[in-house]
Amino acid sequence: MTTLDLAAMLQRHGGDATRLVQILHEVTAALGYVPPATITELAARLGVSRAHVEGVVGFYSFFSAEPQGRFRVRFSDNITDQMAGSHALCQRMLDAFRLELGEVSRDGLVSIARTSCTGLCDQGPALLVNDRAIARLTPQRIGAICSLIRGEVPLAQWPENLFAIHSHVERRDRILAAVMQPGEGLAAAVARGAAATIAELERSGLRGRGGAGYPTGAKWAACAATPGPERYVVCNADEGEPGTFKDRELLAHHAELVIEGMTVAAFAVGAQRGLIYLRAEYPFLVAPLLELLERRRAAGLLGRAVGGVAGFAFDIELHVGAGAYVCGEESALIESLEGKRGIPRNRPPYPVTHGYRQRPTVVNNVETLAAAALVARDGADAVRGQGTPKSAGTKLLSVAGDVARPGIYEYPFGVTVRQVLDDAGAVGSQAVQVGGPSGTLLAAREFGRRIAFEDVPSAGAFMVFDQGRDMVAVVENFARFFAHESCGFCTPCRVGTTLAAQMMTRIATGVGSRRDVKDLARVAGVMKAASHCGLGATAGAPVVAALEKFRPAFDQRLRSLDVVPTFDLDLALAPAREATARDDLAAHLDEEGP
Amino acid sequence: MSERAREPATVPRRKLRVATASLAGCFGCHMSLLDIDERLVDLLELIELDASPLTDKKRCGPCDLGLIEGGLCNAENVHTLRAMRANCKILVAVGACALNGGLPAQRNHIDVRDCLQTAYLSGPGVERGFIPNDPELPLPLAQVHPLHDVVKIDYFLAGCPPSAEAIWQFLTDLIAGRTPVTTHGLIRYD
Ligand SMILES: Cc1cc2nc3c(=O)[nH]c(=O)nc-3n(C[C@H](O)[C@H](O)[C@H](O)COP(=O)(O)O)c2cc1C
Ligand code: SF4
Ligand code: SF4
Ligand code: FES
């Protein structure tokens with residue numbers, strides 16, 4: 001732990017309160033947490049209220065106002081991590097330090113907690129320690145990590161191979177096979193002209209790869225058509241959907257293509273600034289991305305007169321998120337970029353007219369931008385020629401779970417689920433969760449369905465469960481994920497996700513009743529109808545799908561009674577029994593009642 | 001039953017038997033029921049009260065309707081609730097405490113042992129105290145729970161307390177056989 005010169009640090013950030021999330025990252029790196037006195041000082045120096053700073057600290061799970069360990073360990077808790085044995089490994093480390101989950105050791109050395117998916121599902125189980133990620137955990141690796149922590153070896157001196165992140169590309173198509181010279185896409189766009197570039201994109205049929213599938217050309221056109229003193233291009237690299245790791249691969253090995261896409265977008269819509277919102281779980285991408293941006297500046301592909309085009313000034317900065325899934329939602333992402341709590345805005349107005357700093361803003365997913373760069377260079381027909389009528393081009397799938405070869409698979413849209421399973425070496429699969437917890441749960445009889453907007457859309461995740469897996473536990477994991485990630489702004493989602501998680505846990509642990517099953521469906525309905533943003537709207541989807549497709553797995557767990565108490569009545573009297581030293585008949589409650 | 005007897009107009013009206021109970025509540029919901037004022041007379045045309053703090057009858061017999069204010073804070077509350085459930089065809093949770101635990105649930109973050117110790121042993125002004133342990137006294141649960149955590153509840157009437165207006169509309173609906181709907185404006189937390 002080092003000390004922190006707050007004044008100097010804030011000066012580097014230009015005393016700009018919109019950089020608060022980045023500032024808090026630096027405070028956390030230096031002090032391990034954000035002490036109350038620092039919160040007060042930050043508020044004063046940035047000219048914002050203390051409540052604002054404290055609110056931001058409290059919102060993001062990677063910040064804390066309470067002391068954390070000097071080594072802050074977070075185990076990734078996606079279902080694929082669990083399937084690979086993460087809970088046992090986590091317990092091993094807890095035992096080694098005699099800690100409870102979420103606890104800080106008394107000497108302040110280490111704290112151990114869980115976090116949502118870290119995007120290393122092809123090489124899990126994984127964990128984060130401070131700002132480093134470690135994949136492919138084994139008992140041996142856990143042992144090594146424990147010794148390093150115990151020896152207080154600074155992270156910088158840990159063996160580099162611990163931090164190695166592998167790349168598993170199993171199938172390449174247009175995007176992953178592309179070789180793009182820096183500036184090639186931009187040059188083609190410039191030659192065509194801004195308006196014609198957007199028209200080309202519209203003709204290509206390219207749709208957003210972040211989940212919603214909005215036509216990219218129309219989005220750019222709307223932004224370009226909105227008058228304003230400045231415009232922005234935002235690359236959504238939050239990749240928070242559990243089971244998704246294709247943007248990680250793109251940014252690790254094809255970042256040039258993504259930045260090219262951002263630059264083309266900036267040229268087409270007339271933007272001066274670009275922002276990359278990178279999830280905090282990918283710290284290993286920060287330095288390479290900053291280097292790449294530097295290289296492009298040196299090559300005249302960022303800065304003034306980009307690509308030699310007089311008057312086209314454009315530069316890109318990197319923002320790092322702080323462990324909030326909802327910040328992948330584009331308007332929450334913009335709030336976060338502005339240094340605020342990541343609470344989704346009312347939409348409309350949409351970011352294309354009122355985005356970053358209320359200016360017209362294009363927000364696109366990493367993969368969308370890579371595909372757009374190729375449209376600029378190769379023309380619409382090249383993309384149009386692949387895929388299905390409503391889903392042009394190719395899609396990157398992040399395949400994980402019960403398969404022989406987890407990794408990235410790029411297919412033309414329209415590929416069947418069965419084809420993907422075969423290629424990945426899946427045997428005896430009973431279910432696939434396409435697009436992550438907020439996507440679609442498919443049972444074996446549906447493996448003939450196709451990945452495409454007109455059939456099964458996907459933001460990229462493809463998690464496979466074989467017949468040995470307990471689907472109730474799978475759905476419970478998803479329900480807990482949503483309860484943890486709900487931003488708490490609106491009641492249907494804040495309350496609904498927690499109720500759903502509690503009911504799922506009751507069912508999974510064998511104390512649920514038929515009423516829980518009924519209420520689950522009802523709660524899911526309310527969340528879908530009444531939530532403020534997409535998180536709440538889809539949070540009930542896996543439960544509803546599982547109840548439809550795997551109902552017997554639920555029913556087998558239920559107790560026969562129609563309604564059973566949700567807690568152990570007799571146990572609830574134990575503290576009072578202890579305090580009064582009573583053990584008479586009236587000091588007990590039986591479970592079934594009279 | 002003959003054809004004639006099934007004609008809607010000839011269904012004989014009988015008074016509904018209603019029980020009420022106050023568990024871990026403040027009696028505010030019962031006061032709100034009394035606040036329907038002169039309509040109480042109309043109400044008593046339609047119902048007869050069984051066990052209720054208003055009649056001081058303690059044991060609940062078979063009833064059509066049970067109204068419960070307050071949540072579950074001790075073992076006795078659980079017994080009363082179960083007796084009500086066993087006897088009432090329709091059970092209604094009335095007020096925030098019955099629905100969510102309400103004000104009494106504010107103690108849920110305090111350990112019951114600490115609570116008893118402070119109140120009876122170590123608190124200010126306590127001398128030679130002891131924690132009451134008479135088997136007659138119901139033991140407190142570790143936490144205050146809403147009613148639906150233990151039995152099936154058929155209807156929920158929100159508010160703290162629900163207004164007299166809301167209670168009146170709810171009861172008249174229920175008695176007339178209409179599914180009660182508390183419309184916007186009737187749900188209030190004072
Ligand atoms: C809860 C939630 C989380 C989201 N997370 C992401 C994400 O991690 N990455 C992403 O690209 N889009 C995410 N989206 C979708 C974005 O809101 C937005 O539609 C997308 O970034 C637009 O880019 P595209 O048109 O290129 O897909 C999320 C949406 C919701 C509702
Ligand atoms: S739906 Fe959930 S995540 Fe979205 S605004 Fe409401 S509480 Fe927040
Ligand atoms: S809901 Fe309000 S009025 Fe009714 S018992 Fe509880 S505190 Fe009293
Ligand atoms: S429970 Fe009485 S004030 Fe809310």
Side-chain angles (χ1 to χ4, degrees), chain A residues 102 491-492 494-496 498-507 509 511-523 526 529-530 558-594, chain B residues 24 59-60 71-87 91 93 99-101 105 107-122 129-154 156 158:
Chain A
T491 311
R494 180 184 64 248
V495 177
T498 293
L499 284 178
Q502 288 173 350
M503 291 186 276
M504 278 307 307
T505 299
R506 282 209 292 274
I507 294 172
T509 51
V511 297
S513 70
R514 195 140 293 149
R515 177 183 65 177
D516 289 316
V517 173
K518 228 170 82 188
D519 285 354
L520 265 176
R522 221 175 58 182
V523 165
V526 172
L558 300 181
R559 300 241 223 118
S560 58
L561 283 176
D562 202 296
V563 170
V564 293
T566 61
F567 62 101
D568 184 329
L569 287 162
D570 194 51
L571 201 63
L573 289 180
R577 270 199 301 270
E578 188 187 318
T580 56
R582 274 177 57 185
D583 199 20
D584 53 279
L585 213 58
H588 288 274
L589 274 170
D590 55 353
E591 193 187 295
E592 308 276 314
Chain B
R59 282 198 175 278
C60 179
L72 302 168
C73 95
N74 62 31
E76 184 187 31
N77 293 158
V78 175
H79 293 308
T80 311
L81 174 65
R82 281 176 160 169
M84 292 275 282
R85 178 69 280 181
N87 281 292
L91 202 56
L99 267 68
N100 314 312
R107 77 151 158 98
N108 281 2
H109 63 284
I110 302 170
D111 190 305
V112 165
R113 284 163 294 204
D114 296 345
C115 205
L116 291 170
Q117 249 144 37
T118 309
Y120 293 106
L121 298 178
S122 61
F130 81 108
I131 299 177
N133 59 0
D134 192 312
E136 288 284 299
L137 295 170
L139 287 184
L141 296 165
Q143 299 203 310
V144 176
H145 288 264
L147 304 183
H148 63 262
D149 269 3
V150 173
V151 301
K152 177 170 190 290
I153 297 295
D154 301 300
F156 298 88

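Between chain A and the options B/Asp149, B/Ile131, B/Val112, the largest number of non-hydrogen pairs under 4.5 Å is found for B/Asp149. Listed options B/Leu137, B/Asn74, B/Leu81, B/Asp114 were ranked by heavy-atom pairs under 4.5 angstrom with chain A; first place goes to B/Leu137.
A pairwise comparison of heavy atoms in B/Asn133 and A/Arg582 identifies O-CD, 3.1 Å as the closest pair. A/Leu573 and B/Pro140 make their closest contact through CD2-O, 3.5 Å (heavy atoms, listed as atom of the first residue, atom of the second, distance). Contact between A/Arg515 and B/Lys152 at its shortest, heavy atoms only, is NH1-CA, 4.3 Å. In this structure, A/Ala579 and B/Arg113 approach most closely via the heavy-atom pair CB-CG, 3.9 Å. A pairwise comparison of heavy atoms in A/Arg577 and B/Leu139 identifies CG-CD1, 3.6 Å as the closest pair. Closest of all the heavy-atom pairs between A/Pro575 and B/Asp111 is CB-OD1, 4.4 Å.
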Under 3.5 Å, side-chain donor or acceptor atoms of residues 498-505 of chain A against the rest of the protein: list the pairs with distances, not counting sequence neighbours.
residue	atom	partner	partner atom	Å
A/Thr498	OG1	A/Arg494	O	3.4
A/Thr505	OG1	A/Glu476	OE2	2.9
A/Thr505	OG1	A/Arg480	NE	3.2
A/Thr505	OG1	A/Arg480	NH2	2.5
A/Thr505	OG1	A/Ala501	O	3.0

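Only the side chain of B/Val78 comes within contact range of chain A, with at least one heavy atom under 4.5 Å from a heavy atom of that chain. For B/Asp134, the part lying near chain A is the backbone, with the side chain staying farther off; criterion is any non-hydrogen pair under 4.5 Å.
Under the ring-ring contact (aromatic ring centres under 6.0 Å, His included) criterion, A/Phe567 pairs with B/His145, not counting sequence neighbours.
Distance check: B/His148 NE2 to A/Thr566 OG1 gives 7.0 Å after rounding to the nearest 0.5 Å.
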